**Q** 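Below you'll find the structure I mean.
Because the structure is predicted, anything quoted here is derived from the model rather than measured. Just so you know, ligand 1 is whichever comes first in the structure, and atom 1 is the first atom listed for that ligand.
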Amino acid sequence: MDKLIINGQKKLNGDVYISGAKNAALPILIASLLSKEELKLKNVPNLFDIKTTEKLLFAMGVEISKIDSLMKLSARDIKDFHAPYDLVKTMRASILVLGPLLARFGSARVSLPGGCAIGSRPVDIHIKGLEAMGASIKIENGDIVASTNGLPGGKLVGAEISMSQVTVTGTENLMMAACLAKGKTILENSAKEPEVIDLGNCLIKMGAIIKGLGTDIITIEGVEELNGAEHSIIFDRIEAGTYMVAVAMTGGELNCIGVEPDKMISIINKLRETGVEVIESDNIVTVKSNGTLKSVSIETAPFPGFPTDMQAQFMALNTIAEGVSEIKETIFENRFMHVQELIRMGADIEINQNTAVVRGGKMLEGASVMATDLRASASLILAALSAKGTTVIDRIYHLDRGYENLEKKFNQIGAQIERVN
Ligand code: UD1
């Protein structure tokens, strides 16, 4: 298993090119299932989760070719409508095949994400929405088994669906299903994340009729079939935010290239509150920091609020910033797994239910730490970059799920990170 060895306290300077967004690429790759024609995608990041999605689609019969960040997918002959447990357990986003398979082929079998009971978190909203569109759904041997049997022409039927909670993949799943349903679907309380909009824009290029992207209410008028299209994946605002927090913590001047600042305003504003300078231009965000930071309190929320995927990184920043801050996690329970590891590096953090109180102004010290999930791992990298001495981070496969060429990109701007086996 790979580890990262990081020598801290190096200033970061220069340019970093931000990759395509993982959370936009995953649903868009899966959208290829909706058409028998070719989907040509640019700016696809080279990540472990993308490879898992390729495996999943390939096993179903999708033809895939790839040169660097260009990918072509053709779902002309789909022979298998099954997403098996060994793939779903490593990537919950596999649930996204449910809507497209059901809409185009009238049948899908997707393993339930591990440890979850139907009717409760985390896929009940996906299931209720598809049921509202007429699908019959049951659980069989740990799989969600869905079918459109009995519906006229075996087609889903448009419906008015009010989602009880804002869900990103839930909105995406139902939006994809609705594209090929008969009649109009209205999705209330939709997610407004830029990645949901990117998927919607790609579907529109494929011939879907979708209105209201980026608002609470998305309306989809079903069509007979979708065609092929060409689409470029938007930039990864979480990757950009992670590099921006890194330079804020170490000091230096960094240009993040390929960024649309209006899609990450909440992150930029929080960073400005810490006292660093953030300059926005057309597709570059520049961060200038002398390493002196004020701590900032945070409450995570669906877009346009502060993203839960940046919570751990700002926690790392707050450990060294001056002052006491409160970090309230409102989206996911148990998303404080990085806290114990940060404490081992010298941080002062106390957890009270869904709120962490961080007493800042600490000098972090290198230690051996363990990555626990994707964004928790990112916070350990940031802590290690600013810490005195050497940090060894174990179980970094989590990072490879979501950050393209992480150590190469960091080393190019002055960090000292080595990957060892
Ligand atoms: C997506 C992102 C993830 C991000 C999260 C929140 C992808 C591939 N992943 O995850 O990086 O952290 O959005 O921005 O895009 N919920 C239910 N029932 C459901 C669905 C969701 O109760 O059927 C709850 C979840 O448990 C959670 C909240 O809704 O508390 C939001 O989750 P959701 O937006 O669905 O997260 P994902 O789409 O899985």
Side-chain angles (χ1 to χ4, degrees), residues 20-31 45 47-50 52-53 56 87-99 110 112-132 137 144 146 161-177 187 189-200 233-234 236-239 241-242 263-264 266-267 298-313 328-338 354 373-379 398-399 401-403:
K22 168 179 88 72
N23 286 354
L26 296 179
I28 291 175
L29 257 67
I30 290 172
L47 299 170
F48 200 79
D49 272 5
I50 297 293
T52 306
T53 310
L56 181 64
L87 293 176
V88 177
K89 77 171 183 222
T90 60
M91 194 188 66
R92 278 195 36 219
S94 314
I95 188 75
L96 284 167
V97 300
L98 188 61
V110 180
L112 263 178
C116 306
I118 191 158
S120 66
R121 293 178 56 192
V123 289
D124 54 318
I125 300 170
H126 304 231
I127 289 174
K128 276 190 202 133
L130 292 169
E131 281 176 338
I137 300 185
I144 304 166
I161 300 166
S162 179
M163 289 173 278
S164 56
Q165 206 170 329
V166 177
T167 153
V168 172
T169 48
T171 304
E172 292 168 344
N173 222 342
L174 298 178
M175 181 163 72
M176 288 194 278
L187 298 177
N189 202 21
S190 289
K192 302 190 275 278
E193 270 67 3
E195 295 76 22
V196 178
I197 300 177
D198 202 37
L199 167 67
I233 308 287
I234 53 160
D236 196 317
R237 64 196 163 103
I238 306 300
E239 187 198 23
T242 303
K263 295 191 167 65
M264 52 183 305
S266 64
I267 299 171
I298 280 164
E299 182 168 333
T300 61
F303 194 86
F306 187 87
T308 174
D309 286 351
M310 282 301 299
Q311 178 256 103
Q313 297 88 320
K328 190 169 177 190
E329 173 56 64
T330 71
I331 309 285
F332 292 112
E333 311 149 3
N334 197 19
R335 207 176 198 188
F336 283 143
M337 271 152 14
H338 41 289
N354 70 344
D373 70 43
L374 175 53
R375 307 306 171 186
S377 315
S379 78
H398 294 290
L399 283 165
R401 288 187 44 212
Y403 288 91

**Q** Flag the pair R335 and D309 as a salt bridge only when some basic side-chain nitrogen lies within less than 4.0 angstrom of an acidic carboxylate oxygen.
**A**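 D309 and R335: salt-bridged.
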**Q** Between L199 and M176, is there a side-chain heavy-atom distance shorter than 4.5 Å?
**A**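 Yes, their side chains come closer than 4.5 Å.
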**Q** Heavy-atom contact check, 4.0 Å cutoff: does I127 meet ligand 1?
**A**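 So I127 does not count as touching ligand 1.
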**Q** May I ask which of M91, K128, R92 has a heavy atom nearer to atom 39 (O) of ligand 1 than the others do?
**A** R92
**Q** Quick one: does E195 get a heavy atom under 4.0 Å from ligand 1?
**A**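 Not so, E195 does not reach ligand 1.
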**Q** Ignoring hydrogens and angles, tell me if any N or O in the side chain of N189 forms a donor-acceptor pair with the backbone of S162 under 3.5 Å.
**A** no
**Q** Looking at H398, is its backbone amide N or carbonyl O close enough to the side chain of S377 to form a donor-acceptor pair, meaning the two atoms are under 3.5 Å apart?
**A**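 Not confirmed, S377 side chain does not pair with H398 backbone.
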**Q** Below 4.0 Å, non-hydrogen atoms only: which portion of T308 touches ligand 1? Side chain, backbone, both or neither.
**A** side chain
**Q** Under 3.5 Å between any N/O of I331 and any N/O of ligand 1: does that happen in this structure?
**A**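 For ligand 1, there is an N or O atom that lies under 3.5 Å from one belonging to I331.
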**Q** Taking only heavy atoms of R335 into account, list the atoms of ligand 1 that are under 4.0 Å away from them.
**A**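 Answer for ligand 1: 12 (O).
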**Q** Do N173 side-chain atoms and I95 backbone N/O form a donor-acceptor pair below 3.5 Å?
**A** yes
**Q** Could an N or O of ligand 1 be found under 3.5 Å from any N or O of K22, whether backbone or side chain?
**A**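 No, K22 has no N/O under 3.5 Å of an N/O on ligand 1.
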**Q** Considering both backbone and side-chain atoms of L26, is one of its nitrogen or oxygen atoms within less than 3.5 Å of a nitrogen or oxygen in ligand 1?
**A** no
**Q** So is P122 close enough to ligand 1, meaning a heavy atom under 4.0 angstrom away?
**A** yes
**Q** For ligand 1, find out whether one of its N or O atoms is nearer than 3.5 Å to an N or O atom of A93.
**A** no
**Q** From T167 OG1 over to E172 CD, what is the distance, rounded to the nearest 0.5 angstrom?
**A** 8.0 Å
**Q** Near H126, which atoms of ligand 1 are under 4.0 Å from a heavy atom of that residue?
**A** 23 (O)
**Q** Which is closest to atom 17 (C) of ligand 1 in terms of heavy atoms, T167, N23, D124?
**A** D124
**Q** Report yes if the side chains of P27 and M175 come closer than 4.5 Å at any heavy-atom pair, otherwise no.
**A**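 No. Closest side-chain heavy atoms not under 4.5 Å.
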**Q** Please check: side-chain N/O of E193 versus main-chain N/O of F303, any donor-acceptor pairing under 3.5 Å?
**A** yes
**Q** Under 4.0 Å between a side-chain nitrogen and a carboxylate oxygen: does that hold for E195 and K22?
**A** no
**Q** Please list, in number order, the atoms of ligand 1 under 4.0 Å from a heavy atom of V123.
**A** 19 (C), 23 (O)
**Q** Number the atoms of ligand 1 from 1 as they appear, then name those within less than 4.0 Å of a heavy atom of D309, with their elements.
**A**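 Listed by number with element: 3 (C), 4 (C), 11 (O), 12 (O).
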**Q** Under a 3.5 Å distance rule, please check whether E329 uses its side chain to pair with a backbone N or O of F332 as donor and acceptor.
**A** yes
**Q** Under 3.5 Å, N or O to N or O, is Q165 touching ligand 1 that way?
**A**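 Such a contact does occur with ligand 1.
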